[in-house]
Structures are given as C-alpha cells and as structure tokens.
Amino acid sequence: MELAQLRYFVAVVEEGGFTRAGARLHVSQPGVSAQVAQLERELGQRLLDRSGRRVTPTEAGRAVLSYARAALAAVEGVRRTAEEFSGLLRGRVALGLVPGAAGAVVDGFDVVEVLGAFHDEHPGVEIALSEDTSERMLAALLRGELDLAVVGLAGEPPPGVSCQVVLDEPLVAAVRADDPLVAAAVNGTIPLAALRGRALISLPRGTGLRGVLERACAQAGFAPRVDFEAAAPAVLVRLAARGLGVAVVPTGAESAADPDGAGAGAGGSGSGSGSGGLCALRITEPGLTGRVALAWRTDGPSGPAARKLLGRLRSGASGRPAP
C-alpha cells in the first residue's frame with residue numbers, strides 16, 4: 001500500500017469521480033483509476049461504487065476513508081514539523097472569503113494588507129484563496145478543506161467552529177429617493193413588515209446576510225420576495241439605484257451606487273437628485289444586523305503556517321500589532 005494510492009482514493013471520494021480527481025491531482029484519469037484499483041486488490045475489498053453518475057464509497061470504502069485521511073494528515077504533519085525545525089516556515093494555507101472581503105477595509109482590518117505582510121515574512125508559505133457562501137465555507141472548515149475563513153454570520157457558529165467578529169453593522173433598506181418607502185419612513189427608519197411583498201435585492205442563499213433576512217422575515221410571518229441576487233453588496237445597491245427593488249445591505253454599502261463615493265446616509269436623499277438619488281432606511285421592529293467574522297476550527301488549524309496566519313489575522317481584526 002502506498003500513500004499515493006490513499007491520496008487518489010480520498011480525492012475520488014471528495015470529487016465524486018475519477019476525472020475530477022485527476023484534474024485536482026494533475027494526474028491522468030486512467031492513472032488514478034489504476035492506482036485505486038490496485039489499492040482495492042491489495043485490501044481485497046471494493047472501496048468505490050462506480051455504477052452511478054457519481055462515484056461513491058461503498059460501506060468498506062466509508063470505513064477505510066477516515067483512516068486514509070488520518071494517514072495523509074499524519075504524513076503532512078511529519079513534513080511540517082520537520083520544516084519548523086529548519087527555521088523556515090513552509091506549507092499551504094487554504095483561506096476562504098465571502099465575496100468582497102479581500103477588497104474591503106473594516107475598522108482597520110485589511111485582509112490583503114495582512115496577507116501581503118505575512119507573505120513578505122514567510123515567502124515559503126503558499127496561500128490559496130477562494131470565495132464562496134458562508135454556509136459552504138463553514139462546512140469546509142469542519143471537513144478540514146479550509147484552514148481559515150472570513151464568513152458572514154446569521155446566528156451562532158456551528159459546533160466545532162470558533163469566530164472573532166470583525167464587522168457588526170445594522171442592515172438598511174437601500175431604495176431610490178422616489179420610492180414610497182422613503183415617504184413612509186419615520187426618522188429614516190422603516191419596520192421590517194414594510195418589506196412584505198416588495199421586490200427585494202439580496203445576497204444569495206447560504207450567505208450570512210441572507211440568513212439574517214430570511215430568519216427575521218419568518219419570525220415576522222412572511223417569506224421575503226427576492227427578485228435579484230448578487231454576490232457583492234456593491235452590485236445590490238447599483239440594482240436598487242436602477243429602481244429594480246429594495247436592496248438589503250449593511251450600513252455604508254449604499255455609497256457604492258455613487259461614483260463619487262458620497263452615498264446616502266440613513267434617511268438621506270442620496271448623492272443624486274430626484275429619482276436618481278438613493279436612500280438608506282434603517283430597518284427596525286426588529287432591527288437587523290449583519291456580522292462578518294474570522295472563523296477557524298475550535299481545535300485550531302493543523303499546520304504551523306495556518307496557526308501563524310490565524311494569529312496575524314486575529315491581531316489585525318482586533319487592531320493590535322501583529323506578533
């Protein structure tokens with residue numbers, strides 16, 4: 001039995017097929033298939049069910065899978081530990097980000113600046129960035145596919161995940177100045193019930209902000225009518241400025257609709273005039289809050305590089321100098 005066979009087997013299970021596993025490992029599909037078949041012969045058990053459109057592990061395969069992953073993790077741990085003694089930090093860190101997080105600076109928390117400084121000090125560390133919904137990234141953290149993630153939170157993080165909040169902002173309804181909601185607002189606020197039946201513009205399902213909206217609407221007795229979805233708040237407010245609906249976004253995001261960056265304050269008339277302006281109305285009864293947090297497995301990242309980067313990001317999020 002060879003480590004490569006275990007690595008190929010795990011990749012096929014995680015990717016659901018030999019072709020995708022080969023692409024991930026930069027190995028031809030026949031090569032992956034041959035190595036997994038050899039592993040099955042050595043173990044005397046069929047590990048994969050190849051009869052469906054998606055390759056799945058058999059009962060024996062599921063039993064073997066955890067041991068295969070543990071063996072690969074142990075070998076990686078040996079390599080990383082040896083590298084620590086060489087005095088040069090190496091390894092690979094998988095960092096997930098909600099869309100737009102890399103380009104945002106929140107209360108001094110600048111992901112790109114932290115990553116840049118970290119790379120300058122540790123050029124031997126490979127950092128793999130990916131963007132996805134918060135729901136999928138939290139699941140990937142628990143599976144060990146991500147080391148760290150910047151996610152949106154709709155409630156408490158799942159068991160096994162720890163978080164440090166980096167942004168906690170009220171949500172507003174961004175609408176054109178000629179929208180009836182503006183005339184009905186009281187001191188720049190509207191109740192959540194005012195959004196019942198309105199065409200809404202929101203982040204996709206699986207994001208923290210969308211979860212906050214759906215949960216609050218369900219508690220208020222109605223389902224939100226989302227006509228447009230986009231992955232970035234800046235796109236949401238541009239759609240609202242076009243008159244396509246009410247964008248539910250964090251406070252301050254409405255300024256993205258203004259090319260000069262002036263934006264509209266809560267209850268303001270926007271940067272333009274007439275129907276071109278955009279207003280941000282605070283949502284109350286109940287008030288909604290959008291939270292973005294740095295997340296990691298509670299038992300900590302497995303590799304020294306990921307642990308070091310976590311410390312840097314946590315320091316950046318709290319405004320303290322990095323250690």
Side-chain angles (χ1 to χ4, degrees), residues 1-83 89-99 102 115 119 122-151 204 206 231 295-297 301-306 309:
M1 185 186 307
E2 299 179 0
L3 285 174
Q5 295 171 338
L6 298 179
R7 186 174 294 110
Y8 293 175
F9 166 62
V10 170
V12 171
V13 172
E14 292 179 348
E15 298 296 330
F18 291 92
T19 300
R20 288 189 294 273
R24 167 174 148 181
L25 298 168
H26 306 291
V27 178
S28 67
Q29 182 272 332
V32 175
S33 181
Q35 288 293 318
V36 173
Q38 178 62 29
L39 177 63
E40 290 177 320
R41 284 193 294 271
E42 292 182 11
L43 295 178
Q45 293 288 337
R46 175 75 68 177
L47 301 178
L48 297 172
D49 182 353
R50 301 162 172 81
S51 61
R53 294 182 60 184
R54 181 179 177 87
V55 177
T56 58
T58 62
E59 183 178 358
R62 289 192 295 272
V64 168
L65 182 61
S66 60
Y67 291 100
R69 284 174 168 156
L72 294 173
V75 171
E76 179 65 12
V78 170
R79 183 183 66 80
R80 288 175 172 174
T81 300
E83 288 172 346
L89 191 63
R90 295 183 181 274
R92 181 180 186 273
V93 182
L95 172 62
L97 302 170
V98 288
L115 294 180
H119 177 71
H122 307 289
V125 176
E126 175 190 352
I127 301 176
L129 299 178
S130 60
E131 290 188 334
D132 208 336
T133 66
S134 300
E135 187 176 273
R136 286 197 288 263
M137 288 193 294
L138 288 170
L141 273 177
L142 291 172
R143 292 195 300 268
E145 296 169 7
L146 288 177
D147 297 298
L148 311 167
V150 177
V151 301
W296 63 93
R297 288 188 302 280
S302 59
L309 180 56

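Any value given below was found using the heavy atoms of this structure, including those in side chains, with hydrogens, waters and symmetry copies removed.
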List the steps, then state whether side chain to side chain contact (heavy atoms under 4.5 Å, CB included) holds for Leu39 with Met1.
CA-CA 7 Å; Leu39 177 63; Met1 185 186 307; 3.8 Å; yes
Stepwise side chain to side chain contact (heavy atoms under 4.5 Å, CB included) test for Leu95 and Leu115:
CA-CA 10 Å; Leu95 172 62; Leu115 294 180; 4.0 Å; yes
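Each side chain to side chain donor-acceptor pair (under 3.5 Å) pair with one or both residues in residues 53-74, not counting sequence neighbours, appears once here: Glu14-Arg69.
Taking every heavy atom of both residues into account, Asp49 and Gly52 meet most closely at OD1-N, 4.5 Å. Across every non-hydrogen atom of Leu141 and Ala149, the tightest pair is CD1-CB, 4.1 Å. Residues Pro301 and Asp147 share a closest heavy-atom pair of CG-O, 4.2 Å. A pairwise comparison of heavy atoms in Ala60 and Gln45 identifies CB-OE1, 4.0 Å as the closest pair. Taking each heavy atom of Ala68 and Phe9 in turn, the nearest pair found is CB-CD2, 4.2 Å. When all heavy atoms of Ser134 and Val98 are compared, the pair lying nearest together is OG-CG1, 3.4 Å.
For Glu135, the CD atom counts as loosely surrounded, since its 6.0 Å shell holds 12 or fewer non-hydrogen atoms of other residues, nucleotides or ligands.
For the atom pair CZ (Arg50) and OG (Ser33), the distance works out to 6.0 Å, reported to the nearest 0.5 Å.
The residue from Val36, Leu48, Val55, Leu47 that alone fulfils the side-chain contact (heavy atoms from CB on, under 4.5 Å) condition with Val13 is Leu48. Put simply, the residue from Gln35, Glu40, Glu42 that forms a side chain to side chain donor-acceptor pair (under 3.5 Å) with Gln38 is Glu42.
Within the 4.5 Å cutoff, the side chain of Pro57 has no heavy atoms near those of the Val64 side chain.
Counting only distance, with no hydrogens or angles, the side chain of Arg297 and the backbone of Leu146 share a donor-acceptor pair below 3.5 Å.
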